[in-house]
There are 2 protein chains.
Amino acid sequence: MKAQNVRIKDIARLAGVSIGTVDRVLHNRGNVSPEALIKVNAILEQIDYKPNLIARTLGSNKNFRIAVLLPDPQVDQYWSQAHAGIIQSQSEWAQYNIQVEVHFFDLMDKSVFQKIAFQVDQSKPDAILIAPIFYHESLPVFERFHQSEIPFILFNTNIKEANPMSFIGQDLYQSGKVGAQLMNIGQHDPGTYAVLHLDEDVHESVHLLEKERGFREYFELKKLKINIIDFILNPNDPLFNSKLDQLLNEPSLRGIFVSTSKGTAVAASFLEKHGKNNIRLVGYDMLEENLKYLESGIIDFLINQNPKRQAALGVDHLANHLMFKKTAPANDLFPLEVITQQNVASYLSSGIH
Amino acid sequence: MKAQNVRIKDIARLAGVSIGTVDRVLHNRGNVSPEALIKVNAILEQIDYKPNLIARTLGSNKNFRIAVLLPDPQVDQYWSQAHAGIIQSQSEWAQYNIQVEVHFFDLMDKSVFQKIAFQVDQSKPDAILIAPIFYHESLPVFERFHQSEIPFILFNTNIKEANPMSFIGQDLYQSGKVGAQLMNIGQHDPGTYAVLHLDEDVHESVHLLEKERGFREYFELKKLKINIIDFILNPNDPLFNSKLDQLLNEPSLRGIFVSTSKGTAVAASFLEKHGKNNIRLVGYDMLEENLKYLESGIIDFLINQNPKRQAALGVDHLANHLMFKKTAPANDLFPLEVITQQNVASYLSSGIH
DNA sequence: AAATTAAATGTGTGCGCACACAGTAATGAA
DNA sequence: TTCATTACTGTGTGCGCACACATTTAATTT
């Protein structure tokens with residue numbers, strides 16, 4: 001019927017040696033005579049031998065540990081969605097004896113991040129998945145991982161210097177350009193656009209600014225003469241309300257681009273409160289609150305970063321690496337998904353693909 | 001340390017019977033005494049037994065055949081993308097001795113479709129993946145599949161009466177609503193919108209009309225008083241050009257919604273030729289030509305049906321069904337992906353997730 | 001009571017790989 | 001010559017499951 005897959009046994013037969021010898025050649029275990037080596041290699045060159053991963057896995061019966069470093073999902077729904085992805089992958093790999101253990105850190109407390117990261121390193125997991133929110137605090141952590149020779153994957157935030165096994169996430173610069181385009185569609189007259197970075201932690205804004213850069217560059221490249229103003233605001237700031245009030249009083253304001261998922265809902269509630277229905281709002285991610293405002297029409301577009309799938313894929317890549325020695329792509333850049341009132345349901349129902 | 005997975009052997013020990021008996025209970029093979037049945041079931045209820053799929057697969061060593069029925073990819077790039085998905089899945093499952101064989105049929109010739117479908121049925125594959133383009137011609141085909149007890153999955157086009165293992169595709173009605181929303185964004189004044197069904201085969205339009213229904217309903221629900229005209233046109237029709245010319249001369253024309261992927265490029269070339277840059281164009285799918293027009297700004301939005309992933313997932317579902325006895329979801333509805341000039345690259349680079 | 005049959009239960013084998021270990025041949029040392 | 005050492009080669013086992021087959025027990029007939 002069909003060319004059956006070649007097994008070690010077949011190679012042994014063709015080369016006129018035992019399967020043990022073939023095994024030694026395949027794994028460079030030595031103790032093979034030059035003649036046997038030549039005979040086996042001759043066959044291997046003719047035949048495209050692909051080891052049966054299923055059989056290999058069954059025999060090994062390894063017990064791997066994957067550690068995940070994640071911001072506390074209690075505080076931020078974005079991270080609880082990421083956590084949901086971890087949970088999902090966890091149960092999928094559990095039967096292969098791959099333990100996925102999650103370690104949370106406080107988004108507000110950088111020192112805790114390092115402490116936990118070092119603890120994780122010391123516990124010697126077989127691989128690590130990490131969302132490196134804090135740039136400066138992350139660098140020495142990666143240093144440790146490399147010293148301990150623990151393979152690790154970054155997700156959500158890319159840090160060039162990390163030199164990880166792979167990065168999973170989006171191109172933030174391009175993401176900003178998408179935001180700008182969605183902002184610009186159908187807006188004819190020149191006007192004012194606001195970029196809002198609403199976050200408790202200003203330091204995080206380093207990577208948020210990348211989105212703003214893309215946003216601005218879009219209009220520049222299109223040679224559209226518009227006015228862009230930006231705000232880096234902490235919602236707990238006493239001046240927060242007055243500053244936003246001031247923004248809304250700007251008569252030429254056409255739209256608001258919010259760079260954070262939580263901030264998107266904050267901005268939306270502000271617009272709703274002031275009855276500003278004609279100002280376009282573009283933000284991030286399918287948080288419950290955001291979906292509510294998308295439904296009511298306050299939010300026009302959401303760019304979906306898909307934290308759930310990012311996290312799930314991170315675990316999958318590591319598990320495949322450990323179990324099947326499959327190499328993950330160096331960069332797994334996610335599509336910049338545009339969510340609207342009309343397609344949101346299709347995203348919610350389809351789950352992870 | 002490790003919460004070791006429960007094996008059949010463990011259940012047997014706990015229930016005080018042999019593994020053979022446990023096996024008979026698990027597979028309802030009968031020949032089990034009531035007492036033994038009770039003992040085993042008691043353990044099974046306490047313990048969440050998950051069979052080791054790897055071991056199961058290793059032992060079986062089956063040789064499955066999956067037949068795929070697909071329109072000729074030579075003629076239509078949409079289907080060549082679907083074919084690419086098949087190829088991808090094919091190579092993934094090859095090592096598990098699952099043969100994926102593709103049978104092409106002519107989009108223009110319905111009789112050939114039935115002939116090939118019956119041939120495929122007669123060759124007794126273990127499962128079938130089919131894109132049932134022709135409604136009436138498909139019904140007797142499904143009948144045969146059921147008679148032969150060959151599990152089959154529909155993709156791209158849903159046919160309610162088929163009663164398949166599952167359907168993979170999009171909600172066309174909702175897809176039309178997405179198109180309408182994208183059309184409506186930022187369009188303030190009332191105007192005229194055109195819905196174009198450009199296809200060689202008018203009979204296909206049955207399922208295309210579903211998109212139009214969604215398109216129209218969007219505006220009705222939003223209580224937007226606009227003018228919608230529709231055309232069902234064959235690009236080879238001698239009157240084709242004049243009819244489109246007439247459309248473009250309508251001064252109140254704000255936008256065009258094209259329900260087919262090939263037609264999208266046709267409409268785009270028409271708009272470009274007439275220098276109509278201010279008419280919004282919303283169409284379907286990432287065909288090369290469409291991407292060109294998206295880049296140049298003629299096309300504003302594409303709704304991505306993702307034929308590649310649909311096809312690949314179809315094979316995956318069937319393969320998982322055959323190999324691992326995993327049940328595929330009855331409806332695998334894909335997200336209605338919105339493609340723009342700015343996010344298209346991220347979709348192209350990310351491949352299938 | 002012995003023989004027959006059916007029902008129930010237990011044992012054995014192979015899937016392909018990895019790895020432990022036993023076996024063989026060749027060489028040099030006692 | 002005999003023994004020990006080295007260099008290589010081949011065989012055996014387990015991973016967990018599915019299924020074939022052998023064995024035991026109970027029920028029924030002769």
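Per chain, numbering begins at 1; letters A, B, ... match sequence-line order.
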Open item on the list: Between the opening five pairs and the closing five pairs of the helix from dA1(C)-dT30(D) to dA30(C)-dT1(D), how far apart are the helix axes, to 10°?
Closed with: 90°
TODO: Please collect all salt bridge (Lys or Arg N to Asp or Glu O under 4.0 Å) contacts where either partner lies in residues 47-60 of chain B, sequence neighbours excluded, each pair once.
DONE: none
Task: Set of ring pair (Phe, Tyr, Trp, His ring centres under 6.0 Å) partners for His321(A), sequence neighbours left out - done: none
Open item on the list: Please enumerate all residues that pass side chain to side chain donor-acceptor pair (under 3.5 Å) together with Gln170(A), with sequence neighbours excluded.
Closed with: none
Task: Within residues 19-46 of chain B or reaching into it, pairs that qualify as salt bridge (Lys or Arg N to Asp or Glu O under 4.0 Å) - sequence neighbours excluded - done: Asp23(B)-Arg29(B)
Open item on the list: Can a donor-acceptor pair be found, under 3.5 Å and without considering hydrogens, that links the side chain of Asn320(B) to the backbone of Asp316(B)?
Closed with: yes
Open item on the list: Rounded to whole Å, please give me the gap between CD1 in Ile11(A) and C1' in dT9(D).
Closed with: 17 Å
TODO: Report the distance from atom NE2 of His27(A) to atom P of dC19(C), rounded to the nearest whole Å.
DONE: 6 Å
Open item on the list: Distance check needed: dA18(D) P versus Met323(B) CE, whole Å only.
Closed with: 13 Å
Task: Distance, rounded to the nearest Å, where Leu53(A) contributes CG and dC15(D) contributes C1' - done: 16 Å
TODO: Output all residues satisfying side chain to side chain donor-acceptor pair (under 3.5 Å) with Gln90(A), sequence neighbours left out; order by chain, then residue number.
DONE: none
TODO: Would you mind classifying the nucleic acid contact of Asp23(B) as base, sugar-phosphate or nothing, using non-hydrogen atoms under 4.0 angstrom?
DONE: base
Open item on the list: Can you build the contact string for nucleotides 7-13 of chain C? Use B for base contact, S for sugar-phosphate-only contact, and - for no protein heavy atom under 4.0 Å.
Closed with: -SBBB--
TODO: Indicate whether OP1 or OP2 belonging to dA18(C) is found under 4.0 Å from a side-chain N or O atom of Arg56(A).
DONE: yes
Open item on the list: Keeping His103(A) on the side-chain end and Gln119(A) on the backbone end, is there a donor-acceptor pair under 3.5 Å?
Closed with: no
Show me the side-chain donor-acceptor pairs of residues 153-162 of chain A shorter than 3.5 Å, one per line, residues at least two apart or across chains.
from: Asn156(A); atom 1: OD1; to: Tyr78(A); atom 2: OH; distance (Å): 2.4
from: Glu161(A); atom 1: OE2; to: Tyr135(A); atom 2: OH; distance (Å): 2.4

TODO: Nearest whole angstrom, please: distance from the C1' of dC15(D) to the CD1 of Ile54(B).
DONE: 10 Å
- [ ] Tell me whether the OP1 or OP2 atom of dC17(C) has a side-chain N or O from Tyr49(A) closer than 4.0 Å.
- [x] yes
Open item on the list: Going by the rule salt bridge (charged side-chain N to carboxylate O under 4.0 Å, His left out), which residues pair with Glu101(A) if we only count those two or more places apart in sequence or in a different chain?
Closed with: Arg65(A)
- [ ] Return the value, rounded to whole Å, for the distance between atom NZ of Lys50(B) and atom C1' of dG16(D).
- [x] 16 Å
Open item on the list: Rounded to whole Å, please give me the gap between NZ in Lys9(B) and P in dC17(D).
Closed with: 10 Å
Open item on the list: Counting the atoms with a prime plus P, OP1 and OP2 as sugar-phosphate, which does Ile8(B) contact under 4.0 Å by heavy atoms, base, sugar-phosphate, or nothing?
Closed with: sugar-phosphate
Task: Whole-Å distance separating the CG atom of Leu58(B) from the P atom of dA18(D) - done: 12 Å
